[in-house]
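Before any comments, here is the structure.
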Amino acid sequence: MKRGRLRVLLGAAPGVGKTYTMLEEGRRLQDEGHSVVVAVVETHGREATARMVVGLDVIDRIEVQHRDIVLTEMDVDAVLERAPEIVLVDEMAHTNAPGSARQKRWQDVQVLLDAGLDVITTVNIQHLESLADVVEQITGVAQRETVPDAVLRAADQIEVVDLAPQSLRNRLDEGLVYPSSRIDAALSNYFRLGNLTALRELTLLWLADEVDSALQKYRAEHGISHKWEARERVVVALTGGPEGETLLRRGARIAARSSGGELVAVHVTSQDGLRVSHPGSLAAQRALVDELGGSFHQVVGDDVPRALVDFAQAANATQLVIGVSRRGKLAAALTGPGIGSTVIRESGDIDVHIVTHSAAAGKWTLPHLGGALSTRRRVLGFVGALIGGPLVTWLLVTYRSDESITSDVLSYQLLVVLVALVGGILPAVFAALLSGLTLDFFFVAPLYTVTVAEPLHVLALVLYVLNGVLVSYVVDQAARRTRIAVRARAESELLATVAGGVLRGQDALQALVTRTREAFGLVGVRLRVGDTVLYTDGEPVGPDAVTLMPVGDRAVLELHGPDLAASERRLLQVIATQMDAALEHKDLAQTANAIAPLAEADRVRSALLAAVGHDLRRPLASATAAVSGLRATDVTLSAGDRAELLATADESLESLSALITNLLDVSRLQAGALAVRRGPVDVADVVLPALDELELGPEQVDLDLSPRLSTILADAGLLQRAIVNVVANGIRFAPADSRVRISASEFAGQVEIRVTDHGPGIPAGRRADVFVPFQRLGDTDNLTGLGLGLAIAKGFVEGMGGTLDADDTPGGGVTMVISLPAVPDGPAEEEPE
């Protein structure tokens with residue numbers, strides 16, 4: 001019997017619409033004439049989902065008795081007996097009731113598939129077995145029901161039912177996911193915006209990996225070897241050498257430039273497995289691969305370039321990163337092109353990056369002027385003259401004739417030119433003299449003597465040597481100019497780096513010190529002011545090999561190593577001038593930082609004076625006027641008038657007392673004199689007195705405090721003051737026809753007190769400002785107090801080791817969240833359905 005097809009609707013969290021989508025697809029297939037039955041569906045009381053069931057053929061569930069409780073489960077036998085084309089099975093991760101034929105619902109699905117029935121089912125990412133620990137780290141909720149990854153990977157079709165996190169929170173707030181009694185707990189725990197975003201990313205990444213696996217399978221089945229650039233995949237070739245860390249970090253940066261880029265490291269070993277020259281380095285690099293989020297692979301192959309290219313093509317790589325060869329030029333000349341050249345030739349359409357590293361070329365240094373040509377080239381020139389002279393002589397003597405004297409002279413002349421090109425003037429003169437004597441001894445009569453019979457022959461020999469000297473001189477001057485040009489370019493690069501470093505400010509000084517040591521080949525460099533060493537690089541060798549360079553009037557640059565030439569000292573003076581400018585920039589920055597708190601304090605004082613000028617004057621004026629009226633002897637007051645004046649005075653003095661209390665609280669916070677006495681506190685014992693203090697009742701506040709809530713570790717007095725200020729802020733901005741909601745819930749060892757209003761809300765860019773003293777949202781008048789309430793609340797909560805943050809209220813408004821640690825051994829949070 002042909003096995004049925006499995007189609008999985010995968011969601012990031014409950015409520016994204018998996019069940020609704022499954023039922024909608026079932027209705028569509030039924031309208032097309034297919035036989036469709038609903039084996040099991042969980043509506044969770046959602047009206048829209050329940051309406052989608054109407055019109056579909058629903059199989060009655062089977063009842064299972066467990067501990068005097070009747071549970072209902074999917075009746076697999078009834079479905080098999082009905083034998084439809086398509087079966088709709090909700091919540092594949094569900095655990096069946098004890099006593100059922102199979103433990104898990106996904107096992108029931110396998111039975112239906114084996115019977116040839118097509119199944120459409122739903123599952124959340126939280127229920128994948130391989131991701132259960134990751135989901136627990138994100139949400140703080142342990143997953144009790146899981147599905148093996150192999151079951152999902154074997155599905156014929158996997159679709160993500162996606163919904164933006166904020167849209168899901170809005171649906172939750174509207175009561176479309178859970179009943180109203182569970183909304184606040186869900187919003188503040190499992191359905192946090194950060195949790196939903198992380199779960200959504202996890203879902204999409206998991207599906208992307210499955211798509212990638214399917215792509216690799218397709219390419220293998222159809223023999224496709226060229227790359228398909230679906231996303232950047234960077235392969236880094238590791239030899240186990242010291243350059244591996246540089247290559248890995250470069251590869252990681254390349255992969256990070258594109259969204260979804262992947263880093264893959266590969267090491268090629270020989271057939272006998274003995275090619276790893278630095279096993280310790282390779283192990284460290286493998287650990288670095290894990291830290292960078294990549295994967296490590298090891299392949300076997302004696303032809304390293306071919307093995308690298310084969311692996312890159314099999315991995316569908318878009319980039320291949322290899323290090324520049326550590327071999328010298330002589331080794332390259334003797335053994336032929338290296339791995340890099342071969343990889344480039346055979347890589348096809350894979351981009352190859354050859355990365356330089358310290359193991360290949362060492363530190364960057366300024367080239368020394370010295371002679372025009374290097375000692376190595378001079379030695380090669382002498383060696384060429386000593387070997388080439390006898391070889392040319394042997395060839396010419398072997399094929400000598402009476403008419404060959406012209407070709408003999410030109411052959412020796414060519415030898416002199418070649419030696420001049422390689423070694424410069426001294427080897428060329430040596431070759432000219434040696435070849436001149438050899439030419440006279442073997443080819444000019446009388447033979448085998450150094451006697452010159454004709455004076456004209458002496459002139460010919462002199463001209464011969466002069467030609468060699470002139471050619472070598474031209475070569476020497478060209479080499480000298482090349483060296484000067486390279487030196488000038490290197491100095492320009494160094495000066496450009498120095499100038500750019502000064503613009504970057506204080507942090508550039510360490511880079512300048514390091515660059516100085518590397519550029520001049522020094523052992524160590526130190527920048528000090530007096531006896532204080534500010535920056536250092538390298539290892540100082542002691543006072544005997546130290547050159548001191550003044551850096552303006554404030555510092556000294558110590559150079560440990562060989563003496564510098566005059567041209568190098570000139571360049572070093574330029575660097576010292578730039579260091580002096582950088583030090584001055586640093587001093588100015590420190591002065592600015594020292595002045596900033598004073599400027600901030602002045603701004604705060606100005607704001608305080610401006611606010612106090614109105615907010616304290618108003619209650620003082622009202623109280624003074626009321627008391628003056630009561631004391632007046634020229635006016636007869638009725639009992640009602642006296643009562644109104646007393647009420648006005650009492651209200652004004654109470655307002656004045658509250659303002660002064662807030663000012664004192666801010667002063668305590670800014671002075672760091674806040675005394676905190678933390679202990680176990682019941683949330684209700686703090687929230688209720690706070691509402692009494694504000695004289696708020698059920699017509700203004702909805703209260704939702706769970707009786708199973710753990711006690712919190714807090715200072716009861718400070719927490720009450722914080723709640724009073726936060727609730728007062730919510731009442732101030734809430735519309736007249738709405739109520740402020742106060743709820744509390746526990747999640748991941750923290751108790752959260754949430755004060756929710758449906759007012760105008762706070763723009764995302766201004767959320768931090770509302771917690772700054774003397775700030776009001778829309779500072780256009782002075783009728784709403786000094787703007788201290790939220791600043792005081794935040795200071796008190798943070799002083800108790802908690803946090804106070806502002807969050808959006810779904811549907812509009814602000815939710816202030818006070819989070820404090822719960823006393824251990826509180827009740828555990830339940831997993832959402």
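Side chains are part of it too, since the values below use all heavy atoms of this structure and drop only hydrogens, waters and symmetry mates.
- At least one side-chain heavy atom of L10 sits under 4.5 Å from a side-chain heavy atom of W206.
- Between the side chain of T318 and the backbone N or O of R233 there is at least one donor-acceptor pair closer than 3.5 Å.
- Residue Q110 holds its CD atom at 8.0 Å from CE of M92, rounded to the nearest 0.5 Å.
- Between R200 and D162, at least one side-chain N (NZ, or NE/NH1/NH2) sits under 4.0 Å from a carboxylate O, which counts as a salt bridge.
- The minimum heavy-atom distance linking G15 with L168 is given by the pair O-CD1, 3.4 Å.
- Residues I138 and E201 are not in side-chain contact: their nearest non-hydrogen atoms beyond the backbone lie 4.5 Å or more apart.
- Between atom CG of residue L292 and atom CZ of residue R249 there is a gap of 6.0 Å, rounded to the nearest 0.5 Å.
- When all heavy atoms of N124 and L128 are compared, the closest pair comes out as O-CD1, 3.9 Å.
- When all heavy atoms of A12 and I125 are compared, the closest pair comes out as O-CG2, 3.5 Å.
- Looking at E752, its side chain never comes within 3.5 Å of a backbone N or O of V817 through a donor-acceptor pair.
- Contact annotation: the side chain of L534 approaches that of L583 to within less than 4.5 Å [non-hydrogen atoms, C-beta and beyond].
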Run the side-chain contact (heavy atoms from CB on, under 4.5 Å) check on R171 and V16 step by step: do they pass? CA-CA 9 Å; R171 290 193 64 207; V16 296; 5.9 Å; no

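- To the nearest 0.5 Å, atom CD of residue E245 and atom CG of residue L288 are 5.5 Å apart.
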Passes side-chain contact (heavy atoms from CB on, under 4.5 Å), H353 versus V234? Steps please. CA-CA 10 Å; H353 301 264; V234 182; over 6 Å; no

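- Between P14 and Q126, the closest side-chain pair of non-hydrogen atoms falls below 4.5 Å.
- Within the 4.5 Å cutoff, side-chain heavy atoms of V264 are placed close to those of F311.
- Note that the CG atom of L199 and the CG atom of L204 stand 11.0 Å from one another [nearest 0.5 Å].
- Checking V161, V160, L163 one by one against K18, the side chain to side chain contact (heavy atoms under 4.5 Å, CB included) holds for a single residue, V161.
- The main-chain N or O of L238 is found under 3.5 Å from a side-chain atom of H267 such that the two form a donor-acceptor pair.
- Considering T121, I120, V109 in turn, T121 is the only one that fulfils the side chain to side chain contact (heavy atoms under 4.5 Å, CB included) rule with V8.
- Across all their heavy atoms, L804 and K794 have their closest contact at O-NZ, 2.9 Å.
- E129 contributes atom CD, which lies 7.0 Å from atom CG of D149 (distance to the nearest 0.5 angstrom).
- Contact record, D156 with G4: OD2-O, 4.1 Å, taken as the closest heavy-atom pair.
- Taken to the nearest 0.5 Å, the CD1 atom of I354 stands 3.5 Å off from the CD1 atom of I344.
- Within the 4.5 Å cutoff, no side-chain heavy atoms of L247 are placed close to those of I322.
- Judged by distance alone, with hydrogens and angles left aside, the side-chain atoms of R105 form a donor-acceptor pair with the main-chain N or O of D90 at under 3.5 Å.
- Under the 3.5 Å distance criterion, the side-chain polar atoms of H127 are matched with a main-chain donor or acceptor of E145.
- Between V236 and V289 there is no side-chain heavy-atom pair separated by less than 4.5 Å.
- Contact detail for L263 and G251: the closest heavy-atom pair is CD1-C, 3.8 Å.
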Can you list the steps and then say if T95 with K104 is a side-chain contact (heavy atoms from CB on, under 4.5 Å)? CA-CA 5 Å; T95 300; K104 299 286 187 178; 2.8 Å; yes

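- Looking at heavy atoms from C-beta onward, E243 lies out of side-chain contact with V324 at the 4.5 angstrom threshold.
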